[in-house]
Amino acid sequence: MNNAMIKRTTKRTEYWIFLVLIIMCVAIQIASGGQLLESSTVVTILRSMVVDGMFAMVCLIVMVSGGFDLSFPAVAALAYSLSTTICVNMGWSETNAWAGFIMAIVIGAVLGMLNGWIISNFKLNTMIVTLATQTLFIGISMGLLELKEITSKLPLGFRTFGESYLFEVKSSAGLRSTMTTMFIPFVIICIITSLVLNRTMFGRALYAIGGNETSAERAGYNVKRVKFWLYVAVGATCGFIGMVRVCMARQSIPKALVGQEMTIIPAVILGGASIFGGEGTVFGTICAVGIITVVSNSMLLIGIDSYWQDFFNGIVILVGVTVSAIQAKRRNK
Amino acid sequence: GSSNSATKETTKSSEATASDTSTGKDAPKIAFVPKVMGQAWWDHVQENVEAWGQENGIEVIYKGPTEVDAAAQVQIMTDLVNQGIDVLLFSPNDPDACEAICKEAIDKGIIVISTEASGMENVTYDVEAFDEAGLGGFLMDQLAAQMGEEGKYITMVGSMTMESQNNWADAAVERQKAAYPKMELVPDARVADDSDAEKAYELTKELIQKYPDLKGILGTGSFDAPGAARAIQELGLTGKVYAISVAMPLEVKDYLLDGTLGSVALWDAGVTAKVMLNLGVKLFNGEEIASGANLGEIGYDKVDIQGKVIVGQGQIAITTENVDDFGF
Amino acid sequence: MQAKFKEYSNKNRYSVMLFGLMILLLMFFSVTKGETLWSLGTWNGIFIQFPEYGIMTLGVMFCFIIGNIDMSFVALGDFACIMAVRYMAGHVTEDMATGQVVGVILIALLIAIAIGVIGGIINGVLVAYLNIPPVMATIAMQLVWLGLSTALTKGYAVTGVPALYTEIGHTMLFGFLPVPLLIFLIIFLFSLFLLKFTTYGKRLYMTGTNLKAAKFSAINTKAMIISTFILCDVIACIGCMIMVSTMNSAKADYGTSYVMRVILILVLAGVLPDGGMGKIFNVLLSIVAIQIIASGVNMFSQLNSYYASLIWGGLLIIVLILSTKMNGTGIKLFKLKKQKM
Amino acid sequence: MSEYLLEMTEICKSFAGVPALEHVNFKVRSGKVMCLAGENGCGKSTLVKIISGVYSKDEGEVVFEGKPIAKITPAEATKLGIQVIYQDLSIFPNLTVMENLAINSEITAGKKLVNRRQWEATAKEALSKIGYHIDLHAKMGELSVADKQLVAICRALLFDAKLIIMDEPTTALTKKEVDALFKTVCQLRDSGIAIMFISHKTEEIFEISDDVCIMRNGKNVYAGPTSELTPKDFTYYMTGRELTDDHFVAKNISKEPVLKVEHLSLKNKFEDVSFELRKGEILGITGLLGSGRTELALSLFGLERPKKGTITLNGKQVKITSPIMAQKLKIGYVPEDRLTEGLCLQQSIADNITLSSLKRLSNSFGLLKHQDIIDDASIWKEKFSIATNDVNKFASTLSGGNQQKIVLSKWLSNDLDVLILNGPTVGVDVGAKQDIHALVHQLANDGLAVIIISDDLSEVVINCSRVVVMKEGKIVGEMTGDKISEDNILEIIR
Ligand SMILES: Nc1ncnc2c1ncn2[C@@H]1O[C@H](COP(=O)(O)OP(=O)(O)OP(=O)(O)O)[C@@H](O)[C@H]1O
Ligand SMILES: Nc1ncnc2c1ncn2[C@@H]1O[C@H](COP(=O)(O)OP(=O)(O)OP(=O)(O)O)[C@@H](O)[C@H]1O
Ligand SMILES: [Mg+2]
Ligand SMILES: [Mg+2]
């Protein structure tokens with residue numbers, strides 16, 4: 001019984017990814033002369049996981065359902081830039097961040113509806129649909145609406161919210177680092193994703209659809225409805241995440257997230273999600289995002305020349321996917 | 001200023017006379033190609049270009065690539081040149097990449113004026129707010145003064161492939177080697193923040209972690225100083241670590257006021273754009289330009305012409321005193 | 001007659017749609033900007049511009065047909081060009097005779113092509129032997145090539161392209177045919193030939209439709225995948241070398257915006273990365289349509305370049321929806337919905 | 001209430017204008033087994049999907065328990081007591097056995113949240129219905145086909161089903177498992193549940209059914225008690241022609257074996273396998289699921305690399321490392337799963353037929369001879385009477401049996417010494433089966449050496465001049481001539 005359980009656990013991708021994360025942390029800790037686990041570094045790494053981590057959750061949930069979303073950065077970008085632009089244009093320079101959040105969530109949901117409508121009504125490759133909507137959303141935001149970068153005019157409420165922190169730590173050198181409040185939404189979104197995927201019938205529907213869409217339909221799920229609401233929820237969440245980013249970076253830049261999908265999607269796949277759907281866990285995804293963040297945030301510490309960072313990043317992803325591909329092959333044997 | 005409006009008058013009148021005469025020259029078709037669309041910096045330029053267009057009654061096509069990509073920019077320039085314009089103004093992502101299309105444009109009789117591209121061959125003129133080494137040296141001088149001319153520093157750029165930012169950073173390092181022997185460039189030498197203040201913030205923290213005795217960060221992109229300042233402030237290192245870069249005044253106002261940043265550098269690209277527009281019209285109307293000419297904007301009333309390069313005195317240090325003077 | 005057309009349009013619905021699209025576009029721009037559109041200069045511009053990414057599109061098309069995707073081709077091409085330009089810059093001296101310069105250029109081209117082959121082999125091995133999903137493998141390789149180029153050049157453009165080479169990109173043969181367009185046409189005809197008239201082409205489509213079945217039919221699918229990546233990356237490198245001649249230099253990040261554009265063109269042409277689908281003529285139509293939109297948007301001084309994105313995205317959605325409706329699936333789905341409600 | 005549980009009258013259904021069902025009538029009695037039979041593509045699965053609400057009918061009336069049902073969704077059908085085990089089993093390969101067992105009933109119950117304990121209880125209850133044991137936490141996709149089948153049956157039993165429909169449940173099962181399944185079916189029938197059973201295998205239908213409904217081209221041609229039919233009538237109704245099942249008699253067997261396999265072993269799959277094959281002979285290989293037959297065939301075709309043993313072809317010892325090499329050595333292989341291994345559905349029939357002989361159909365520069373491809377394909381279309389008017393149509397437009405003929409032609413158009421057929425008539429209707437068998441006989445008599453791997457014992461008996469039985473990776477028996485009979489084979493297997 002216990003043996004069987006151990007066997008099952010060691011078969012899972014997230015187990016390996018977690019091991020890799022630990023080994024990587026130890027290796028970097030040694031290579032950087034003990035600088036990685038310095039409290040301020042840890043806080044910085046956790047902080048920089050926030051936005052990528054939340055996007056990874058969104059990406060994961062879509063991938064579980066057998067989809068492939070390229071449009072989420074564009075949705076987030078359009079949602080937050082439109083929302084902040086409205087705030088600024090209405091002269092709400094003092095406005096509370098919540099107004100912006102609500103607007104962004106609504107806009108995100110509306111954009112998600114377009115994705116959801118197309119994907120649930122027409123049998124189309126989701127990657128292509130979201131490629132199209134991504135292009136469209138960028139065109140709407142920068143072409144049709146001509147949304148501009150907002151930095152100094154960003155409403156005060158947004159900035160204050162972004163500056164707020166949970167606690168502060170002092171490193172051995174006496175350097176103060178603060179843990180951003182935005183870490184809470186990150187944790188909440190991870191928990192919600194995990195609960196939705198594992199504890200609700202909606203979540204099981206996503207796995208079921210990802211595993212075998214016709215069977216899901218025959219089992220009694222309304223696949224179209226599930227898919228539609230999935231993309232609406234994803235859109236709304238993207239709007240929310242976008243606003244978190246605006247508050248953290250204290251600037252709303254319509255183009256800032258474009259291309260982000262190319263770093264998030266590899267992380268999610270590294271974490272055990274399958275591009276064919278039906279596989280993937282929150283834990284594995286967090287570990288994978290952890291690996292990528294730790295690596296990219298400690299390149300300087302371990303002495304990798306800045307000019308070589310892209311190369312090194314590429315190699316890390318390559319090694320990661322190779323390991324999981326080989327492992328998958330072994331498992332299927 | 002008054003000189004400003006004076007040029008406007010002359011431009012207008014010369015135009016009026018031009019259209020009356022038998023040469024039949026209409027208002028020139030002018031196009032301005034920025035490095036990229038939709039960034040605050042270039043939005044500011046766009047506003048200035050549009051304002052100029054309204055004042056002078058000349059429609060200016062303002063059109064740039066959607067990504068910081070030389071190839072995409074050249075494609076747009078190709079379109080414009082082929083659709084028939086009289087004056088092409090641009091700021092290249094990559095000067096070398098634009099040579100060919102510029103040559104074509106000049107062969108077609110188009111007046112070509114570039115900026116931030118002092119090395120270009122196939123242009124009628126190149127307008128610079130300052131000379132390239134000048135900005136790097138200027139930034140270094142400012143930083144050195146704040147650091148007390150000693151200590152370790154590092155350079156930061158928006159991305160490793162941004163030509164002009166790299167040039168300025170190189171010039172800054174040159175300047176340090178020549179003038180500030182007690183300052184030292186750390187082994188990492190240069191980092192890139194992907195033109196993202198959040199990344200600049202993370203990088204700064206990481207740098208300070210790695211180099212506890214780091215004293216200065218010299219950035220050349222407009223996101224460098226704001227991001228670095230946030231990290232410095234959070235780490236409680238105000239007055240111990242200094243950062244400087246090119247930046248938009250209002251973006252760094254808070255940091256200047258609370259002393260996290262001593263100063264940032266700026267040139268008003270909007271003004272430079274207007275100068276280019278004025279110059280373009282003058283050339284279109286057949287006027288000759290010589291050293292000491294007045295191009296109608298502050299800093300350009302007595303320009304210095306070296307070959308094809310017209311250099312103004314456009315760079316400005318932004319400090320607490322003048323941060324509110326710009327309105328952007 | 002009508003029935004015949006119906007049958008034809010059912011079989012070639014993408015061609016029909018793209019033709020319709022093209023006519024609509026031309027009509028629209030004729031009405032709004034007729035004078036500019038129908039000037040020699042505009043068409044000149046269109047035909048000078050699309051060859052460089054058009055060539056890359058033809059390369060990636062092969063990858064799509066076999067059911068793979070390549071995200072690394074521009075980064076690889078840039079790397080190849082950097083090496084080629086370095087070689088040219090190092091070996092061309094002022095007092096060289098034209099013949100010698102041509103020799104150096106040819107060697108440089110061979111270097112670029114060789115690097116394309118290497119890049120293709122790496123991609124192919126990652127996908128065929130290590131079973132890494134192509135998207136992942138090529139995104140990683142894209143970073144690797146970009147990183148290598150950045151490290152080698154410190155981010156600067158590599159200059160020193162001989163004048164003779166730069167001329168290639170700007171010479172009009174017989175006074176009307178730009179050399180890049182000629183090269184595009186040659187590669188187009190070559191691809192057409194490969195796809196339609198050779199066993200390679202047939203195997204490519206079959207392997208793309210069902211890799212396992214192809215393997216069971218005594219097709220060396222691993223070799224097919226690798227050779228397709230080689231073909232794709234070599235063609236992409238040629239496209240990048242044309243970019244070098246128009247840009248007079250090589251750099252780590254030239255043409256990065258072409259990756260998405262190329263994918264967009266292919267999808268618009270009905271060449272989906274699922275494999276086994278698509279006609280090369282539709283790709284040609286799609287390339288031209290995309291360029292007409294880009295150039296068309298540039299004719300309006302009040303529209304910024306992002307409008308091209310807007311139109312591309314919108315059109316792609318419409319084309320996708322129409323294509324499922326013509327398939328019958330779209331209509332069926334609607335019916336199902338109605339009856340259920 | 002009538003004695004009938006389900007009554008279907010005048011059912012019509014067409015897809016995009018093409019009729020699939022035309023005025024179908026039949027009735028199902030409670031506590032009886034009704035068999036639905038008919039050629040490939042005659043509309044059996046479509047009919048099932050109409051009953052279960054996956055498709056909606058165009059015309060006609062469905063009456064269940066005396067109440068007419070107008071519109072129905074799959075979930076509502078479940079509530080009414082209709083359970084379907086689809087042809088493809090409708091399982092979720094990425095979920096565990098427990099989840100697969102419980103998910104349907106949870107959905108039907110309209111649950112919004114997941115209660116693990118409840119799920120586990122449900123799953124255990126389901127398994128207990130037929131007293132079947134399996135690891136609840138195993139991944140469904142990793143189970144064997146037979147286990148998947150049983151899980152699907154358990155899942156169906158969870159509901160208080162009044163009608164259970166099984167769409168070709170025996171195609172992937174061997175005799176032993178079929179027997180186990182039939183036992184379960186009898187149990188269910190005796191407890192008063194109506195069973196609707198779809199099959200292509202005549203023997204099975206006569207073994208299990210009380211009533212039968214035979215369909216042809218979307219119309220039903222017979223509906224009534226099975227006892228009133230003879231097998232001969234049955235096939236006549238199904239195909240519209242008289243069929244004679246000729247036993248294969250090898251006419252000209254070569255002296256020297258063309259293929260000789262000695263002590264071949266593949267780790268965990270099969271061990272120490274030796275046999276000989278002569279020209280003009282048809283060798284049958286049969287055995288239980290997982291006995292390693294497929295791997296043996298794959299080893300002969302270069303897709304597996306056996307570590308030990310030798311393969312001798314025409315007197316020369318060879319190492320076969322790839323299908324390309326196998327083709328060069330004149331070995332052909334028709335895979336067991338035609339959809340994933342045999343066909344490129346979205347390509348033309350002609351391209352599929354000629355896929356492995358492109359070298360012959362091109363010149364020395366690799367240039368295709370387009371006309372030859374069409375001609376070649378047309379020859380096979382005639383020879384095999386493939387039901388299509390145009391070889392340029394997609395392979396997906398054909399019915400299952402005709403698709404199988406394409407896969408066969410693909411290899412037969414090569415010049416072969418040895419042809420290996422793995423499950424050549426799986427899911428193929430009797431008519432097409434007959435055609436395929438006749439052709440194989442003719443080929444063997446023309447000097448081809450054939451290996452048939454099959455679960456269908458009657459197929460093995462009719463077609464083979466020699467039979468090898470495998471069990472757990474070893475050859476456990478061999479028989480020739482008159483010794484070949486279903487009983488003898490079964491005896492060895494058990
Ligand atoms: N979704 C669909 N769209 C169009 N045609 C369909 C569809 N489903 C089935 N058909 C057609 O309806 C006919 C009946 O198909 P069905 O699947 O019911 O056959 P079947 O009797 O189950 O065959 P088999 O024995 O091969 O399982 C076939 O000609 C098939 O091509
Ligand atoms: N000795 C063994 N140990 C463990 N697993 C085995 C062994 N032999 C077979 N199996 C497993 O049994 C399953 C079926 O095996 P295989 O494909 O060889 O069956 P087969 O006899 O060809 O059946 P069929 O042709 O009816 O599909 C596979 O999952 C295989 O891994
Ligand atoms: Mg069926
Ligand atoms: Mg098998």
Side-chain angles (χ1 to χ4, degrees), chain A residues 32-33 35-36 38 40-41 43-45 47-48 51 81 138-139 141-143 146-154 159 162-163 165 168 170-178 180 245 248-251 253-259 293 296-307 309-310, chain B residues 36-44 46-47 66-68 154-157 159-161 186-213 222-223 226-227 230-231 233-237 240 247-254 328:
Chain A
S32 65
Q35 298 202 54
L36 179 70
E38 222 12 291
S40 61
T41 319
V43 164
T44 311
I45 287 175
R47 177 193 168 97
S48 64
V51 170
S81 14
I138 295 174
S141 117
M142 317 271 296
E146 296 199 348
L147 299 176
K148 305 281 184 217
E149 292 185 359
I150 296 169
T151 47
S152 52
K153 289 193 193 119
L154 198 70
R159 295 164 150 259
E163 279 163 29
Y165 57 86
E168 56 176 64
K170 278 220 155 73
S171 75
S172 49
L175 298 176
R176 194 184 75 115
S177 266
T178 56
T180 169
R245 197 193 140 90
M248 280 175 77
R250 291 179 226 176
Q251 52 186 15
I253 297 178
K255 281 199 69 173
L257 290 174
V258 173
T293 318
S296 73
N297 279 34
S298 54
M299 293 239 200
L300 273 176
L301 296 185
I302 50 178
I304 290 174
D305 192 288
S306 308
Y307 292 106
Q309 288 191 356
D310 279 330
Chain B
V36 65
M37 298 292 285
Q39 268 187 5
W41 185 267
W42 295 108
D43 284 349
H44 173 70
Q46 184 173 10
E47 279 162 22
T66 55
E67 270 166 76
V68 188
I154 192 164
T155 58
M156 190 184 277
V157 293
S159 114
M160 291 298 187
T161 51
V186 298
D188 270 309
R190 187 165 305 171
V191 291
D193 65 8
D194 303 340
S195 296
D196 179 358
E198 184 71 12
K199 183 81 196 288
Y201 159 87
E202 283 169 15
L203 267 178
T204 305
K205 285 179 116 183
E206 206 181 322
L207 283 169
I208 291 170
Q209 177 74 41
K210 183 169 181 185
Y211 302 109
D213 51 351
S222 58
F223 294 96
R230 185 141 57 87
Q233 192 182 45
E234 187 186 307
L235 292 166
L237 291 173
K240 292 188 187 117
M248 304 282 272
L250 285 184
E251 245 174 87
V252 290
K253 185 179 166 188
D254 294 347
F328 62 87

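Chain letters run A, B, ... following the sequence lines, proteins first and then strands; every chain starts at 1.
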Identify the heavy atoms of [X] and [Y] that sit nearest to each other, and give their distance.
X	Y	value
S296(A)	E206(B)	O-OE1, 4.4 Å
M142(A)	G38(B)	CE-CA, 3.9 Å
A40(B)	E149(A)	N-OE1, 2.8 Å
Q209(B)	L301(A)	CG-CD2, 3.9 Å
E202(B)	S48(A)	OE2-CB, 2.7 Å

Need one label for [X]: side chain, backbone, both or neither, based on atoms under 4.5 Å from any heavy atom in chain A.
X	result
Y211(B)	neither
L237(B)	side chain
D254(B)	side chain

Measuring heavy-atom distances to chain B, does [X] have an atom under 4.5 Å in its side chain, in its backbone, in both, or in neither?
X	value
Q35(A)	both
I138(A)	neither
L175(A)	both

Heavy-atom distance under 4.5 Å between the side chains of [X] and [Y], does that happen here?
X	Y	answer
L300(A)	L203(B)	yes
V191(B)	Y307(A)	no
K205(B)	T41(A)	no
M248(B)	S152(A)	no

Kindly determine whether E251(B) and T151(A) satisfy side-chain contact (heavy atoms from CB on, under 4.5 Å), including the steps that lead there.
CA-CA 6 Å; E251(B) 245 174 87; T151(A) 47; 3.1 Å; yes
Most heavy-atom pairs under 4.5 Å with chain A, out of T66(B), I208(B), V252(B), belong to T66(B)
Heavy-atom pairs under 4.5 Å with chain A, option from K199(B), E198(B), M37(B) with the top count
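Option with the greatest count: E198(B).
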Taking every non-hydrogen pair under 4.5 Å, which of Q309(A), R47(A), K148(A) racks up the most with chain B?
R47(A)
Determine whether K255(A) and E67(B) satisfy the following criterion, side-chain contact (heavy atoms from CB on, under 4.5 Å), listing intermediate values before the conclusion.
CA-CA 9 Å; K255(A) 281 199 69 173; E67(B) 270 166 76; 3.4 Å; yes
Any salt bridge between D196(B) and R245(A), counting N to O under 4.0 Å?
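Yes, this pair counts.
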